[in-house]
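To keep things clear, I will list the structure first and then write my remarks on it.
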Amino acid sequence: MTESTRADGRFMLETTADLCRIPSPTGFTRNVVDVVARRLESHGLEITRTVKGSLVAAFPGNDDRRGEGRLLSAHVDTLGAMVKEIKSSGRLALTRLGGFDWSTIEGEYCTIHKRWGGEVTGTVLTTKASSHVHGKELSDLKRDEKSIEVRLDLAARDADSVRASGVSVGDFVSLDPRTTITETGFIKSRHLDDKACVAILIGVANAIAEEHIALTRPTYFFVSTYEEVGHGTSAGVPDGVTEIVAVDMAAVGEGQTSDEWSTTICVKDGSGPYDYDLSNRLIELASANGIGHRVDIYTHYASDVSQALRAGYDIRGALVGPGVDGSHSYERLHQRSLEETAKLLLAYLESE
Ligand SMILES: [Zn+2]
């Protein structure tokens, strides 16, 4: 741990990598939720699951503390796909889980998780993948559900032999995250959205335990499992919670203030503005504590807070997170943004 770091940046970077390597497309999250539960339980948090599989972690002492509860939410489900059709060629057509452009998965390795056990690997390709066969047709091809398919690593040339291998319509498909930590402090991976933020919550829980931080309000962590399809935190928020801070990646790119070295407080996204007072408090805490931060707006975006509000929860909501370049494509972030985000969350949880 460096002196300037409260939650250990290297630990959060490596935890991010560990989580990214566990397949968890939306709807197929049980394994990764079990792993996160064990990590949080080791710090004495009381873990419960909602009926639909979200994880709620309560800090000890919640009964002794007075007043309005605080909840930090991060989602552990990721983009992915399901088998839509087994084509007569033995290739698979896909249906997407979550919002991404078909072009962003072309060439990616993938795994088919067979419904009744076992896995088959494959590669996402276009139907005209060989330039020696198709020439210019490949560059002109629109990437969509018709032109993107999976070539399975099976000696199977037709649909019947693929079915005989146990692959079925409706099997989950996960994308190879190709997770890599560089010597320069970056992590390159698919699914940093939002596993980096689940890793931040684990880092914050570590810091609270190690530094014996006194929490001023009943405090909960919520790990949601259906955020990418729009109902992450729509149920299961504990009674008494009045503030939810969604911890989710900041969108880095042209026209954005967010970057890979800071934490961002997002004050508006596609679902509307976030709570003015809570956002202001987070911005003030970041300034007062010398935390590298940005204030930004994300156009094509919604969060666990948007989903809780839409579901009818009467809460104040804010959104903070580390800057992720190339979001919902091939993503990258820097350790520094994990550290700045963790520092801001700790400052918030300690504040009155
Ligand atoms: Zn996200």
Side-chain angles (χ1 to χ4, degrees), residues 12 15-17 19-20 22-29 32-33 36 53-55 71-81 96-101 104-105 174-175 177 179 187-204 221-234 244-253 256 258 260 262-272 274 294 296-311 317-333 337-338 341-342 344-345:
M12 290 188 287
T15 301
T16 302
L19 296 177
C20 285
I22 303 170
S24 61
T26 301
F28 192 71
T29 52
V32 75
V33 170
V36 174
S54 306
L55 185 154
L71 182 144
L72 305 186
S73 178
H75 67 92
V76 79
D77 59 313
T78 72
L79 305 176
R96 288 174 292 185
L97 294 169
F100 59 91
D101 192 90
T104 60
I105 64 169
S174 62
L175 299 162
T179 306
I187 180 167
K188 304 189 285 185
S189 183
R190 289 188 187 277
H191 313 322
L192 295 175
D193 172 17
D194 192 26
K195 288 180 167 172
C197 297
V198 178
I200 290 170
L201 294 190
I202 294 169
V204 167
F221 287 173
F222 193 99
V223 179
S224 70
T225 50
Y226 285 92
E227 195 275 349
E228 292 291 3
V229 295
H231 58 93
T233 315
S234 63
I244 300 180
V245 175
V247 189
D248 207 339
M249 54 124 205
V252 172
Q256 299 298 115
S258 301
E260 291 168 277
S262 311
T263 189
T264 297
I265 299 111
C266 173
V267 293
K268 176 185 182 287
D269 67 13
S271 66
Y274 284 82
R294 301 279 181 267
D296 210 351
I297 288 170
Y298 314 144
T299 310
H300 309 285
Y301 198 108
S303 73
D304 272 334
V305 160
S306 327
Q307 297 171 9
L309 289 167
R310 293 254 187 275
L319 170 59
V320 304
V324 169
D325 189 69
S327 61
H328 280 202
S329 175
Y330 199 77
E331 299 171 342
R332 188 182 77 164
L333 67 70
S337 67
L338 299 176
T341 305
L344 177 55
L345 296 174

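Numbering of ligands and ligand atoms starts at 1, following listing order. On a predicted model such as this, the values are computed, not experimentally measured, just so you know. All values below come from the heavy atoms of this structure, side chains included, with hydrogens, waters and symmetry mates left out.
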Listing by chain and number, which protein N, O or S atoms are under 2.8 Å from the Zn ion (ligand 1)?
H75 NE2, D193 OD1, D248 OD1, D248 OD2
Check: D304/S224 side-chain N/O donor and acceptor closer than 3.5 Å
yes
Residues that T225 engages under side-chain hydrogen bond (donor to acceptor under 3.5 Å, both in side chains), provided they are two or more places apart
none
Any luck finding a side-chain donor-acceptor pair between T264 and D296 under 3.5 Å?
no
Report the residues that fulfil side chain to side chain contact (heavy atoms under 4.5 Å, CB included) with S337, sequence neighbours left out, ordered by chain and then residue number.
P322, L333
Got a sec, which residues hit side chain to side chain contact (heavy atoms under 4.5 Å, CB included) with R332, two or more places apart in sequence or on another chain?
F186, K188, E260
Determine whether the side chains of S303 and Y274 contain a donor N or O and an acceptor N or O closer than 3.5 Å.
yes
